[in-house]
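Okay, structure first, notes after.
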Amino acid sequence: MERYNFSETEKKWQAYWNEHDSFKAENNSKKPKFYALVEFPYPSGHGMHVGHIKAYSGLEVVSRKRRLEGYNVLFPIGFDAYGLPTENTAIKTGVHPRQVTDENIKKFTSQLKRVGFSFDWSRVIDTTDEDYYKWTQWIFLKMFEHGLVFRDKTLVNYCPSCKVVLSNEDSQGGKCDICHSDVVQKTKEVWYLRITEYADKLLEGLDSVNYLPNVRLQQENWIGRSEGAFVNFTVKETNEKLRIYTTRPDTLYGVTFMVIAPEHPMIEAHRAEIANIAELDAYKEECAKKSEFERTQLVKDKTGVRIDGLTAINPVNGKEIPIYISDYVMMGYGTGAIMAVPAHDGRDYDFAKKFGIDIIEVIKGGDISKEAYTGDGEMVNSGVLDGMTNKKDSIAKMIEFLKEKGIGEKGVQYKMKDWAFNRQRYWGEPIPIVHCPVCGDVPVPYDELPLKLPPVQDYKPGEDGESPLARIADFVNCKCPKCGGDAKRETDTMPQWAGSSWYFLRYCDPANNTAIASQESMKYWLPVDWYNGGMEHVTRHMIYSRFWHRFLYDIGEVPTPEPYAKRTAQGLILGSDGYKMSKSRGNVVDPNDVVDEYGADVLRLYVLFMGDYEQAAPWNESSVKGCKRFIDRIWALQDIVTDGDSYSEDLTPIMHRTIKKVSEDIENMRFNTAIAAMMTLLNKIEEKGSITRGEYRDLITILNPFAPHITEEIWQRMGFGGALSDSKWAVYDEALCADKTVEIAVQVNGKIKAKLNIPADAEQDEVLKLAKADSAVAGLIEGKSIVKEIYVKGRLVNIVAK
RNA sequence: GCCGAUGUGGCGGAAUGGCAGACGCGCUUGACUCAAAAUCAAGUACGAAAGUGUGCGGGUUCAAGUCCCGCCAUCGGCACCA
């Protein structure tokens, strides 16, 4: 047998699949459907990364198995091509982003094809395509129509380097997600999507889907629902209400001061009444200078200033308490004002200690002279609540009390904020809104979509934080669609998350030019049966797309409330040095290099064999060679193949066991142990020295999803008929999985003393007799009384002797 | 700080409460070769042995990597969220 020529063979089969449309999904099929989705890549200039290969290989294997099992499989791919890196490359090199994108997509496509992924290439989408973003704009307008889009002037996260407004999601940790520079706070006119209106629906929806527990948890944390109460305090001097939100209304009697955010409007409204307004202004200015990062991450010590001239009255006991401003209270959460209970809140405690404020215990159990007590206990000094010990009951009772007295009510808050939806950049979907001096914000009529991104020469952002589109007079100046008067177009574009929020819908029917996709196609394919991707997309992309999908469901445009029935996530591939792969570290592995040297099958096998699919694992060049050896040995089996479509007697149990193991492991994403099981089988076959045609056929069938090229080639050479990709998955018989004889361990008092070869179905009496007769065992139990005898079938015997 | 995950040979990692270290890498020895690579064969947790070994300390059990209690470390998410 000649050596396996992987490069020739892989090209041959890739061409074959291409010509035969082997992986084309059928929209009108009687077969059961399976929709497998992987996160479509952002086509960056660096080309693909082995991490992409691992991310796609998981569902690639599942998809190939499903096809052999008789499913009509939709396994699509596309490109999430709008975004800053492309625009920045364009600015740096002077090449238009359209051209940069096209080149990058070409590069990615060729890389993906070289790996032999079974994507349906007839359904490729590109979010920057006019026929695609037309529908992104269409969905935006639908949201506008339904009141989910609004404009507001607020403090936003602004990246001075990228010159764009960032969402909270894009500026986690106070760093720009794209360029990693520090984000600053800036007042800006911002478009928002009212995602908070969907907070509860997004939470409830989690009950109906099968997400990895960790994924679900992160989404829940992100939405951050908390239940509590709103309480109205009164400001003595102005007789106005100061409204707060608290999750612990049961501690109201322990309130000894109040704190409001530096930006709280009460200060501006009562400048005249406040004696130390200059001091407050100075503090406010100091706070404004701090970035959100400094404000939340670096500040350990509490700072603040007492408002001189305003006093609050605790509505439950009439006590007068001071009001402070401090930056540990945020304007963006709750009401921007809190009641402070130093005895039972760590932050309030720190503040009270620093400013010498009273600390009143209302829950017994801690030592408030040392620290705040946040645990449970008996209520004291608390009027109607005194003597209660259950926190839940106390809270309920207090809420009831507040309601009765008309001073407060139950309330719910979310950490999730509305989605800042505009960017001052060129390479994004234009926001289809016209600003009319008469009519206000007017949507571009649906029949004028797509609102095309004008081809320009100069796509650098404006120094003033304006979009480059603002400089294009042709684009900006227009007529109001409503009144026909002179108007100006919105010049900001959508964020990168827009196009990826609905792409899975487009795959159902990618060429449709009258709808996002036909109802028929969506009814057939949705929901996505299995979605795999990175943990880093769990809180942003996943939340956004679930929001869009749920909205489309609510207005009757899609047939399912949830887009993804199941969600898993792969672990990172680390560099061989154990660090995250990055250009700057120089530890990035290019999949092309691996394909050149070892072949696509080896690359695919290795990324799945290297460890637990969901865990991170470092790249190891030597281990890649191990997979190469495996492939070559599978190839060499052609030399020892013998006639016979059935299994040989001695290999029957392990054949059935391996098929079972591989079948089950693929479903559980335990690809590493599936491959290990096939290696074990191979070892056994080599030890035996021969393999029947039937055994070989089934072995390459279960290996096919992992290593499709070599298995197709062997299939053809062996003359099994047709193409393996059109064949059937191997079946196993549970009854034939067990070996006839087994080796069991013999323990005395839990320690292994001997081994026995016995028939698998041997009875306990028989086995114990054999065990006691063993020379190593006999001596140990002689003269002792046997307390207990345990026999675990096929495993071990344990004799407990005293 | 809160939430979650993880901790097993030289390395990546396997183990429905039932023989810890499957499988792969690496390494050692041998074969082939003038030699090397590749390939093939044997071995490979530690210990001379009795034995000892799954981050540490306890516990349950005939039997614990696995279950329970208490720690430690690493990673990830959230973070003055009231």
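Chain A is the first sequence line, chain B the second, and so forth, proteins listed ahead of strands; every chain is numbered from 1.
Computed from coordinates, the A:Gln615 CD to B:U74 P distance equals 18 Å when rounded to whole Å. A straight line from CD1 of A:Ile325 to P of B:C80 spans 18 Å, rounded to a whole angstrom. Atom CG in A:Asp665 sits roughly 11 Å away from atom P in B:U16 (whole-Å rounding).
For A:Leu217, the listed nucleotide lying nearest its side chain is B:G4; candidates were B:G18, B:C80, B:G4. In this structure, of B:A20, B:A82, B:C25, it is B:A82 that holds the atom nearest to the side chain of A:Thr247. For A:Arg795, counting side-chain heavy atoms from C-beta on, the closest listed nucleotide (B:C19, B:A14, B:G4) is B:C19. Considering only side-chain atoms of A:Arg633, the nucleotide from B:C40, B:A14, B:U39 that sits closest is B:C40. Minimum atom distance to the side chain of A:Ala617 is reached by B:G13, of the listed B:G13, B:G18, B:A82. Checking B:C62, B:A82, B:G12 against the side-chain heavy atoms of A:Phe609 singles out B:G12 as nearest. Of the candidate nucleotides B:A14, B:C80, B:G26, B:A14 has the atom nearest to the side chain of A:Arg670.
Side-chain atoms of A:Thr196 and A:Asp418 form a donor-acceptor pair, as typed in the model, at a separation below 3.5 Å. Between the side chains of A:Tyr791 and A:Glu766, no donor-acceptor pair is found at a separation under 3.5 Å. Defined by atom type and a distance below 3.5 Å, a donor-acceptor pair is missing between the side-chain atoms of A:Tyr324 and A:Thr303. There is a side-chain donor-acceptor pair under 3.5 Å between A:Ser226 and A:Tyr245. For A:Arg225 and A:Gln413, the side-chain atoms include no donor-acceptor pair closer than 3.5 Å.
Comparing the C1' positions of B:U8 and B:A20 gives an interatomic distance of 8 Å, to the nearest angstrom. B:G13 and B:C32 have their C1' atoms separated by 33 Å, with the value rounded to a whole Å. For the C1' atom pair drawn from B:G21 and B:G53, the interatomic distance equals 11 Å after rounding to whole Å. Nucleotides B:A22 and B:G12 place their P atoms 15 Å apart, quoted to the nearest Å. Comparing the C1' positions of B:A45 and B:G9 gives a spacing of 5 Å, expressed to the nearest Å.
If you check residues 671-684 of chain A against RNA chain B, the residues with a heavy atom closer than 4.0 Å are A:Asn672, A:Thr673, A:Ala676, A:Met679, A:Thr680, A:Asn683, listed by number.
Taking only side-chain nitrogens and oxygens, A:Arg629 comes nearer than 4.0 Å to OP1 or OP2 of B:G26. At least one side-chain nitrogen or oxygen of A:Tyr333 sits closer than 4.0 Å to the OP1 or OP2 atom of B:A82.
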Exercise. Map every base of RNA chain B to its dot-bracket character, where paired means a Watson-Crick or G-U wobble contact with both distances under 3.5 Å and | marks a partner outside the strand.
Key: (((((((..(((.....[....)))((((((.......))))))((....))..(((((..]....))))))))))))....
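The minimum heavy-atom distance linking A:Ile631 with A:Ala707 is given by the pair CD1-CB, 3.9 Å.
With hydrogens and angles ignored, a donor-acceptor pair under 3.5 angstrom links the side chain of A:Lys302 to the base of B:C80.
Ring geometry, A:His537 versus A:His541: the interplanar angle exceeds 60°, so the pair is classed perpendicular (tilted spans 30 to 60°).
For B:G9, the O4'-C1' to base torsion is within 90° of 0; the nucleotide is therefore syn.
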